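Notes follow the structure.
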Number of protein chains: 2
Amino acid sequence: MKSSGTKPQETLLRQTLQASGHRYTEQRAAVFRLIARSRVHPTAEDVFLGVRTEVPGISLATVYKSLEMLVGCGLAKKLTPPDGSARYCGRMEPHHHARCLACGGVSDVAGELGNLEIAALRAQANGFYLVGYELELTGYCSDCAPPMGTGAGASSN
Amino acid sequence: MKSSGTKPQETLLRQTLQASGHRYTEQRAAVFRLIARSRVHPTAEDVFLGVRTEVPGISLATVYKSLEMLVGCGLAKKLTPPDGSARYCGRMEPHHHARCLACGGVSDVAGELGNLEIAALRAQANGFYLVGYELELTGYCSDCAPPMGTGAGASSN
DNA sequence: ATCCTTGCAAAGCATTTGCAGTCAC
DNA sequence: GTGACTGCAAATGCTTTGCAAGGAT
């Protein structure tokens, strides 16, 4: 195995923090590592519990502050389910989110909207300057059976 | 002008409530009317303040209960911005939501995802049974200038 | 040495809940 | 008449904040 003294991920964090006038700390690094690695969109509390194994003394307030700072720097994204607490996403490649109506879990779906679709949206969104988008799919994950004979249909609101 | 003693909107509400085993009350009707008519995605508090002009004695708790019930019946939709409080949407035609990064306002954008796009999502969402979706656009509304020379780009996460 | 960050505990909000009286059915 | 709904107020739970001590640059 090859080990480099400094992981590229850490370098990215250092540089991004510096660029936005923030300092690199053990706590922020640990929070970043955890959400970047996680695939389950942890809540702030999840991150807190997870990070405590690496940084035993960290406080929940620090986790909140770190998460918001990462979001501000573009290193994480905040998901806000209609129920319960906010969830964070550290994988920054373009993808959508699929939320299960039964178990509440949120999983990632690869892909992004096509250019035609985007162009159509721009045209419709009269006068709105489009910067980004967030597509959340709702339905039932493979572990949760749909409530029988549901007519397959996808409706926006 | 032609006036019918009972408005079609009220009938819809009555029937939907009955169908799901709930009762028709003045408070619920007022809440429903307000969000069905509103174009600004009011918060629970907004609804509370607005409905009080029609039903002076209504309480905030009742507004919350009514809103959640309407969402449960499919007569309203709940939007959960990453900041602040939940917003409700009573216009049920397919459309997207555009949230302004400057003023925080949410406006509607007509349209729905194309069938090709949906099919692609289904294919990607391996094992996920798709029921619906919610597309939120982020950017700057016509009243708020974008922070100058921003490279036009739309990125999902 | 400077000033940003941390950790703690308390505060702040939005939302929910328990309960007795009231109302729709 | 019965059971659901309302209004009130207290409770809950997530998130934020103030401040003194500690750490990064």
Side-chain angles (χ1 to χ4, degrees), chain A residues 6 10-11 13-32 34-35 41-49 51-52 54-73 75-76 78-88 104, chain B residues 6 10-11 13-32 34-35 41-49 51-52 54-73 75-76 78-88 104:
Chain A
T6 307
E10 188 192 311
T11 307
L13 178 59
R14 271 208 142 86
Q15 292 179 346
T16 309
L17 287 179
Q18 224 151 50
S20 39
H22 294 117
R23 292 180 181 174
Y24 178 93
T25 66
E26 186 192 2
Q27 289 87 339
R28 290 174 178 176
V31 167
F32 179 54
L34 191 144
I35 66 166
H41 303 283
T43 63
E45 177 118 24
D46 294 336
V47 175
F48 173 57
L49 295 174
V51 166
R52 265 212 299 196
E54 297 182 55
V55 188
I58 198 171
S59 78
L60 186 52
T62 298
V63 170
Y64 272 106
K65 288 168 186 166
S66 300
L67 286 171
E68 285 309 313
M69 211 216 39
L70 290 172
V71 171
C73 295
L75 291 173
K78 190 177 187 176
L79 308 175
T80 56
D83 53 297
S85 39
R87 289 169 174 279
Y88 294 85
Chain B
T6 307
E10 188 190 312
T11 307
L13 178 59
R14 273 209 141 85
Q15 292 179 344
T16 310
L17 287 178
Q18 223 151 51
S20 38
H22 294 117
R23 291 177 182 175
Y24 178 94
T25 67
E26 187 191 0
Q27 290 86 339
R28 289 174 179 178
V31 167
F32 178 55
L34 191 144
I35 65 166
H41 304 284
T43 63
E45 177 116 24
D46 294 337
V47 175
F48 173 57
L49 295 174
V51 165
R52 265 211 298 195
E54 298 182 55
V55 188
I58 198 171
S59 76
L60 187 51
T62 299
V63 170
Y64 271 106
K65 287 168 187 165
S66 300
L67 286 170
E68 285 307 314
M69 212 215 40
L70 291 172
V71 171
C73 294
L75 292 173
K78 190 177 188 176
L79 308 175
T80 55
D83 53 295
S85 38
R87 291 170 172 279
Y88 294 84

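Quick caveat, the model's predicted, so the values are computed rather than measured. Reminder, nothing fancy here: chain letters follow the sequence lines and each chain counts from 1.
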Between the protein and nucleotides 22-25 of chain D, list every N/O to N/O distance that falls short of 3.5 Å.
from, atom 1, to, atom 2, distance (Å)
D:dG23, N2, A:R23, NH1, 2.9
D:dA24, N3, A:R23, NH1, 3.3

Can you list the steps and then say if A:C73 with A:H22 is a side chain to side chain contact (heavy atoms under 4.5 Å, CB included)?
CA-CA 10 Å; A:C73 295; A:H22 294 117; 4.1 Å; yes
From the candidates D:dT6, C:dC8, D:dT15, the one with an atom nearest any side-chain atom of A:A61 is C:dC8
Let me spell it out: for each of A:R28 and B:G84, pick the nucleotide of DNA chain C with the closest heavy atom. Which residue's pick is nearer the 5' end?
A:R28
Rounded to whole Å, NZ of A:K65 lies from P of D:dC14 at a distance of 18 Å
Chi angles and distances behind the side chain to side chain contact (heavy atoms under 4.5 Å, CB included) call for B:D46, B:Y88
CA-CA 10 Å; B:D46 294 337; B:Y88 294 84; over 6 Å; no
Whole angstroms only, please: what is the CD1-P distance between B:I58 and C:dC23?
15 Å
Go through the steps to decide whether A:L17 and A:M69 satisfy the test side chain to side chain contact (heavy atoms under 4.5 Å, CB included), and finish with yes or no.
CA-CA 9 Å; A:L17 287 179; A:M69 211 216 39; 3.2 Å; yes
Side chains of B:L67 and B:I35: closer than 4.5 Å at any heavy-atom pair?
yes
Regarding the side chain of B:T62, the nearest nucleotide among D:dT15, D:dT6, C:dT6 is D:dT6
Have A:Y24 and A:Q15 got a donor and an acceptor in their side chains that come within less than 3.5 Å?
no
Look at the side chain of A:S85 and decide which nucleotide, out of C:dA14, C:dT16, D:dC14, has an atom nearest to it.
D:dC14
When every non-hydrogen atom of B:L75 is compared with those of B:L13, the smallest separation belongs to CD1-CD1, 3.7 Å
Just grab all the salt bridge (Lys or Arg N to Asp or Glu O under 4.0 Å) pairs involving residues 21-30 of chain B, residues at least two apart or on different chains.
none
5′-ward residue of the pair A:V63/B:Y64 relative to DNA chain C:
A:V63
For B:D83 and C:dG12, what is the distance between atoms CG and P respectively, to the nearest whole Å?
20 Å
Report yes if at least one side-chain N or O of B:Q27 is closer than 4.0 Å to OP1 or OP2 of C:dC23; otherwise report no.
no
In whole angstrom, give the distance that lies between atom CG of B:L67 and atom P of C:dA14.
15 Å
Which part of the nucleic acid does B:E45 contact within heavy-atom distance under 4.0 Å: base, sugar-phosphate only, or nothing?
nothing
